[in-house]
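Read the structure below first, then the notes.
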Amino acid sequence: MLFINFIKRHFLFIKKWRTQKKNIIINLGLNRKNLSLLLETSSPSGGNEVHTKKILFVTDALAPYGGVENRLNHIATYLSGRQWESFFLTEENLHLPLNHFRNFTLMFRADNLGACLLDIVKIHKIDVVEFQFKYSRYLRFIDMNELRRYCVVGCTVNGFDKSITCRMLKKFDYTICVSTDLVQRYIKIPPEWFHIIYNCIEPEPCLWSYNHQKTAIHISRLSNEYEIRIYSFIDFCLERDIPFEIAGDRESESAKQVIERLRIKYNIPDDVFIGSIDTLPFLKKNIFRYLFVAGCGHIALEAGIVGIPVLITSSVDSFPPEFLTSENIHYFLDRNFTIRERELTTDNPLIIGSPDSMEAASKYTHAFILKHRNLHTELTKYQRILETAVVNRT
């Protein structure tokens, strides 16, 4: 009996030791004493080795493609030629262009996130930490007052998050928002607290022309957030007998569930779902295939800058999709090319299949985006905000 009890105690000790060892391995990278082991996963972009300032962008995850990812790549590339060095701290960075910059990886829902972040700032002499918000709840692990002792702290609000409040924003040296529409959704926050830096895009020639194209394409993440938009697009196409494709990552669990629901609802064949694409290069390569591109936000910029007609789909069941035209483009400009809270008052004047109508929409959209979403203009404004914040700190 004594021997059996000894064996049981020994077994429990081994089980407990293995569990503790496993936890240590999981949290090794979060141990402040081991932070020096969190080496940069890549080297700085470009050949310019002289930098006067450093900025660390903090966001929980970056997807292979997306508007936030493109925005950050534009900003980091722009700053690298202006004596700024860019760093990225994420849980996961799948956006390959950003791997050319310095990257750190940490768990954002760990108690010592703030301690690790502070060590990165101290070790690498970071001048500015900028949080990219859609999800902001991990801030509870960060002592903002302590962080601001060592650097400027700012944030960019990329979506609507109920946890973003006046009390929270008072902790930052500057706050950027991506559209006037998004600012207006934060009704309890004074609008003058926000600097607006629109999503923008590099100039491109107008490549598209009407050539009896037949197929439409919807581009977005295949997630619950965008599911109603995809329904709206499919209904629009089916009502008009327009063949269509749907682009977006197929591999995530949420994407598989969305695809399954779409197949059941519409009896869609598998080849309709074409997987992830790098939007702008893909559209330039397939400029003569697509009658129009559907989506919202940055998708409108990428399609419009090469002249493909753009259908903005809505996440609200009762709001029909709308083509970008000269009659409504100012409405969409202030709302970052989305339909959210009310219907448009204008009818849709674009006549699908009419060369004159579609060519006019193409050329007007291209010219408008070229003028009002110019990359250099917006990034110059962004750099001014950064440098003003740094000067004010000193």
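Counting heavy atoms of neighbouring residues, nucleotides and ligands inside a 6.0 Å radius, atom NZ of K162 does not exceed 12 of them. Around atom CZ of R240, more than 12 heavy atoms belonging to other residues, nucleotides or ligands sit under 6.0 Å away. By the 6.0 Å contact criterion, CD1 on I264 is enclosed, its count of non-hydrogen atoms from other residues, nucleotides or ligands being greater than 12. Residue K363 qualifies as open at atom NZ: its count of foreign heavy atoms under 6.0 Å is 12 or below. Within 6.0 Å of CG in N267 there are 12 or fewer heavy atoms belonging to other residues, nucleotides or ligands.
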Using the rule given for side chain to side chain contact (heavy atoms under 4.5 Å, CB included), can you reason through I312 versus L324, listing the C-alpha separation, both sets of side-chain angles and the distance that settles it, and then say yes or no?
CA-CA 7 Å; I312 305 296; L324 285 183; 4.1 Å; yes
Full working for side chain to side chain contact (heavy atoms under 4.5 Å, CB included) between V178 and I196
CA-CA 6 Å; V178 298; I196 297 178; over 6 Å; no
Take M144 and V153, measure what side chain to side chain contact (heavy atoms under 4.5 Å, CB included) needs, and give me the verdict at the end.
CA-CA 8 Å; M144 297 294 289; V153 181; 3.5 Å; yes
List the steps, then state whether side chain to side chain contact (heavy atoms under 4.5 Å, CB included) holds for Q257 with L262.
CA-CA 9 Å; Q257 292 172 5; L262 290 170; over 6 Å; no
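When all heavy atoms are compared, the tightest approach of P309 to M358 is CG-CE, 3.9 Å. Between L106 and C116, the closest heavy-atom pair is CD1-CB, 3.5 Å.
Distance alone, capped at 3.5 Å, places no donor-acceptor pair between the K54 side chain and the F87 backbone. Between the side chain of Y174 and the backbone N or O of E130 there is no donor-acceptor pair closer than 3.5 Å. Side chain of N73 to main chain of E69: no donor-acceptor pair is present (N/O by atom type, distance under 3.5 Å, no hydrogens or angles). Between the side chain of N93 and the backbone N or O of T90 there is no donor-acceptor pair closer than 3.5 Å. Without hydrogens or angle criteria, D161 side chain to F133 main chain gives no donor-acceptor distance under 3.5 Å. Remark: side-chain polar atoms of N328 are paired, donor with acceptor, to backbone N or O of F323 under 3.5 angstrom. Listed for the Q213 side chain is a donor-acceptor partner under 3.5 Å among the backbone atoms of N211. Judged by distance alone, with hydrogens and angles left aside, the side-chain atoms of S232 form no donor-acceptor pair with the main-chain N or O of I228 at under 3.5 Å. Here the side chain of Q83 pairs no donor or acceptor atom with the backbone of T52 at under 3.5 angstrom. H366 places no side-chain N or O within 3.5 Å of a backbone atom of I308 that could act as its donor or acceptor partner.
Within the 4.5 Å cutoff, no side-chain heavy atoms of V128 are placed close to those of L56. In this structure the side chain of H218 never reaches within 4.5 angstrom of the side chain of Y226, judged on heavy atoms. In this structure, P243 and C237 have side chains that are not in contact, with every pair of non-hydrogen atoms separated by 4.5 Å or more. In this structure the side chain of H95 reaches within 4.5 angstrom of the side chain of L98, judged on heavy atoms.
Remark: N199 CG to E378 CD distance equals 9.0 Å, nearest 0.5 Å. Rounded to the nearest 0.5 angstrom, N70 CG and I75 CD1 are separated by 11.0 Å. Distance check: Q132 CD to L72 CG gives 4.5 Å after rounding to the nearest 0.5 Å. For the atom pair N224 CG and S254 OG, the distance stands at 6.5 Å (nearest 0.5 Å). For the atom pair CD1 (I219) and CD (E245), the distance works out to 10.0 Å, reported to the nearest 0.5 Å. The OH atom of Y198 sits 11.0 Å away from the CG atom of L182 when rounded to the nearest 0.5 Å.
Using a cutoff of 4.0 Å between basic side-chain nitrogens and carboxylate oxygens, D173 and R148 are scored as salt-bridged. One finds a salt bridge joining R250 and D270 here, because a Lys/Arg side-chain nitrogen approaches an Asp/Glu carboxylate oxygen to under 4.0 Å. Remark: E85 does not engage K125 in a salt bridge, criterion side-chain N to carboxylate O under 4.0 Å.
Aromatic ring pairs are classed by plane angle as parallel below 30°, tilted from 30° to 60° and perpendicular above 60°; the pair F337 and F332 is parallel. Aromatic ring orientation, H298 versus H74: tilted (interplanar angle from 30° to 60°). Ring pair F88/F57 is parallel by interplanar angle, where below 30° counts as parallel and above 60° as perpendicular. Ring planes of F160 and Y186: tilted class, angle from 30 to 60°.
Between the side chains of D235 and Y266, at least one donor-acceptor pair of N or O atoms lies under 3.5 Å.
Remark: R335 is positioned above the aromatic ring of Y331, its terminal NZ or CZ atom under 6.0 angstrom from the ring centre and at most 45 degrees off the axis.
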